[in-house]
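One structure below.
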Amino acid sequence: GQNIDQPTEMTATEGAIVQINCTYQTSGFNGLFWYQQHAGEAPTFLSYNVLDGLEEKGRFSSFLSRSKGYSYLLLKELQMKDSASYLCAVSQANQAGTALIFGKGTTLSVSS
Amino acid sequence: GAVVSQHPSWVICKSGTSVKIECRSLDFQATTMFWYRQFPKQSLMLMATSNEGSKATYEQGVEKDKFLINHASLTLSTLTVTSAHPEDSSFYICSARDLQLPYNEQFFGPGTRLTVL
């Protein structure tokens, strides 16, 4: 089976740093994605990890440990506009090719 | 960047009617498109994977006769919700994969909000 866990909600203040964790158990692992989704909108791509280690992109960084089935998304210098849902998604092989399996998302609220 | 459009953005229909949702990749060819459903405050649930020119592969628990998927070209996939009922009210999102990219990134459409009365 497949299982992706991430916290339901997190809160932080402007300028702070927040880390959103994601653990997964899945077969046919082809990489892990992080997406940002504002209410009523489609997800937008943030990062992709397929090898162990840290990927940095501006204020956002993502880390992956394949042996531990663990990833985190690190958001620095938080801004109000970062208030959104953050989705961890695992790319895995299925009978149709590959597909993204999403976690339930972490709703981040940034306050001033 | 890769752009995916969906039409309509929102639709309200009566129970028992059918609704068609279009998903288009505007500036790339997408041999594979995906259809997701998202209920309020929940994550995206994959409904089916659609490969151009072949039948869609449905996830467990998704009725293929109720959710008809057609992927007739490299830039267009359609989802038809047949005999819609109020419990089908949801946010439907499509995505497309650009095979030119070195990894399996999916680009998402803006979503279609379906309300069945």
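Order of the sequence lines sets the chain letters (A, B, ...), proteins ahead of strands, with each chain counted from 1.
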Check: To the nearest 0.5 Å, what is the distance between OG (B:S95) and CZ (A:F45)?
Finding: 13.5 Å
Check: Atom CG of A:L100 and atom CZ of B:F108: how far apart are they, to the nearest 0.5 Å?
Finding: 5.5 Å
Notebook entry, point to check: Is the count of non-hydrogen atoms from other residues, nucleotides or ligands lying under 6.0 Å from B:K66 atom NZ greater than 12?
Noted result: yes
Margin query: Hydrophobic cluster membership, with links at side-chain heavy-atom distances under 4.5 Å among I/L/V/M/F/W/Y: are B:W35 and B:V116 in one?
Written below: yes
Note to self: Using 0.5 Å steps for rounding, measure from the CZ atom of B:R97 to the OG atom of A:S91.
What the structure shows: 7.0 Å
Checklist line | Connected via hydrophobic side-chain network under 4.5 Å: A:Y48 and B:L44 | finding: yes
Check: Of all heavy-atom pairs between B:G109 and A:A42, which one has the smallest distance, and what is that distance?
Finding: O-CB, 2.5 Å
Margin query: Would a single hydrophobic cluster contain both A:L87 and A:V50, if residues Ile, Leu, Val, Met, Phe, Trp and Tyr are joined by side-chain heavy-atom contacts under 4.5 Å?
Written below: yes
Next item on the list: Would you mind telling me which of B:A48, B:P110, B:G111 has the largest number of heavy-atom pairs within less than 4.5 Å of chain A?
Entry: B:P110
Next item on the list: Select all residues of residues 11-19 of chain A having any heavy atom within less than 4.5 Å of some heavy atom of chain B, and report them by number, or 'none'.
Entry: none
Item checked: Shared hydrophobic cluster for A:Y86 and A:L78 (ILVMFWY, side-chain gaps under 4.5 Å) -> yes
Check: Within residues 72-93 of chain B, which positions have a heavy-atom distance to chain A below 4.5 Å?
Finding: B:F91, B:I93
Check: Side chain, backbone, both or neither: which part of B:Q38 has an atom under 4.5 Å from a heavy atom of chain A?
Finding: side chain
Check: Quick one: of A:G105, A:S85, A:G40, A:G31, who has the most non-hydrogen atom pairs under 4.5 Å with chain B?
Finding: A:G40
Margin query: Would a single hydrophobic cluster contain both A:W34 and A:V90, if residues Ile, Leu, Val, Met, Phe, Trp and Tyr are joined by side-chain heavy-atom contacts under 4.5 Å?
Written below: yes
Checklist line | Point-to-point distance, once rounded to the nearest 0.5 Å, from CD of B:Q106 to CZ of A:F33 | finding: 7.0 Å
Check: Measuring from A:I4:CD1 to B:S43:OG, what's the distance to the nearest 0.5 Å?
Finding: 8.0 Å
Next item on the list: Any chance you could measure A:I101, atom CD1, to B:M45, atom CE, to the nearest 0.5 Å?
Entry: 8.0 Å
Check: Among A:P43, A:A99, A:A89, who wins on heavy-atom pairs under 4.5 Å with chain B?
Finding: A:P43
